[in-house]
Amino acid sequence: QVQLVESGGGVVQAGGSLKLSCVTSGRSFMRPAMAWFRQAPGKEREFVAAIIWSGTRATYADFVRGRFIISRDDIKLTVYLDMNNLQPEDTAVYYCAGGQVAASSSDMYNTWGQGTQVTVSS
């Protein structure tokens, strides 16, 4: 069974930075596309960023506005999300997901982690 394990969440002040990590359980279970989604209390899960394992092409949600960078390490089987200039509205549980296509719809991903909490104080 594929496992995705997120880490790196925490509490940070507005303007601060965090780096999230998502480790996959093994190369044989790698998905072509990896993505980050987030879900704030009382809101639907929303797309943050996605990247293809075989290349460097990445896509981002508009609200990222150049503040976040998604990257991957093929040797460590890990996907990262560098988040800078965090704002209170970025407070959410952040989920790592794996799928066949780097899409913005959560329906395109069939493997999910348990999530890591990010809290940004004003």
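- For Glu89, the side chain to side chain donor-acceptor pair (under 3.5 Å) test picks out no residue, with sequence neighbours left out.
- Residues forming a salt bridge (Lys or Arg N to Asp or Glu O under 4.0 Å) with Glu46 (at least two apart in sequence, or on another chain): Arg38.
- Residues Met83 and Ser17 are not in side-chain contact: their nearest non-hydrogen atoms beyond the backbone lie 4.5 Å or more apart.
- Arg67 places a side-chain N or O within donor-acceptor distance of the main-chain N or O of Asn85, the cut-off being under 3.5 Å.
- Note on Phe63 and Leu18: same hydrophobic cluster, where clusters join Ile, Leu, Val, Met, Phe, Trp and Tyr whose side-chain heavy atoms are under 4.5 Å apart, directly or indirectly.
- Panel note: side chain Thr111, backbone Ala97; no donor-acceptor pair is recorded below 3.5 Å.
- For Thr78 (side chain) and Lys76 (main-chain N/O), a donor-acceptor pair under 3.5 Å exists by modelled atom type.
- Applying the salt bridge (Lys or Arg N to Asp or Glu O under 4.0 Å) test to every pair with at least one member in residues 102-114, sequence neighbours left out, gives no pairs at all.
- A 4.5 Å side-chain heavy-atom check between Ser106 and Tyr95 finds every atom pair outside the cut-off.
- One hydrophobic cluster, built from ILVMFWY side chains closer than 4.5 Å, cannot hold both Val79 and Val23; they sit in different ones.
- Cation-pi geometry between Arg72 and Tyr80 is not satisfied (NZ or CZ under 6.0 Å from the ring centre, within 45° of the ring normal).
- Residue Asn84 holds its CG atom at 13.5 Å from CZ of Arg65, rounded to the nearest 0.5 Å.
- Residue Ser121 holds its OG atom at 10.5 Å from CG of Leu86, rounded to the nearest 0.5 Å.
- Residues Cys96 and Met34 share a closest heavy-atom pair of SG-CE, 3.7 Å.
- Here the side chain of Thr91 pairs a donor or acceptor atom with the backbone of Val120 at under 3.5 angstrom.
- For Phe37 and Trp112, the ring centers sit closer than 6.0 Å to each other.
- Separating the CD atom in Gln114 from the OG atom in Ser7 is a distance of 13.5 Å, to the nearest 0.5 Å.
- Using modelled atom types, no side-chain atom of Tyr109 and backbone atom of Ser104 make a donor-acceptor pair closer than 3.5 Å.
- A donor-acceptor pair is defined here as one N or O able to donate and one able to accept, closer than 3.5 Å; such a pair exists between the side chain of Glu6 and the backbone of Gly115.
- One N or O on the side chain of Ser25 and one on the backbone of Gln3 form a donor-acceptor pair closer than 3.5 Å.
- In this structure, the side chains of Leu20 and Val118 come closer than 4.5 Å at one or more pairs of heavy atoms.
- For the pair Ala50 and Ala102, the tightest heavy-atom approach, listed with the atom from each and the gap, is CB-CB, 4.0 Å.
- When all heavy atoms of Gln87 and Gly15 are compared, the closest pair comes out as NE2-N, 3.9 Å.
- Under a hydrophobic clustering in which Ile, Leu, Val, Met, Phe, Trp and Tyr are joined whenever their side-chain heavy atoms come within less than 4.5 Å, directly or via other members, Val101 and Phe47 fall into the same cluster.
- Proximity of Val48 to Tyr60: side-chain heavy atoms (C-beta onward) are nowhere separated by under 4.5 Å.
- For the atom pair CG (Leu81) and CH2 (Trp36), the distance works out to 6.0 Å, reported to the nearest 0.5 Å.
- Ile69 contributes atom CD1, which lies 6.0 Å from atom CG of Asp82 (distance to the nearest 0.5 angstrom).
- Nearest heavy atoms, Gln117 versus Ala92: NE2-O, 3.4 Å.
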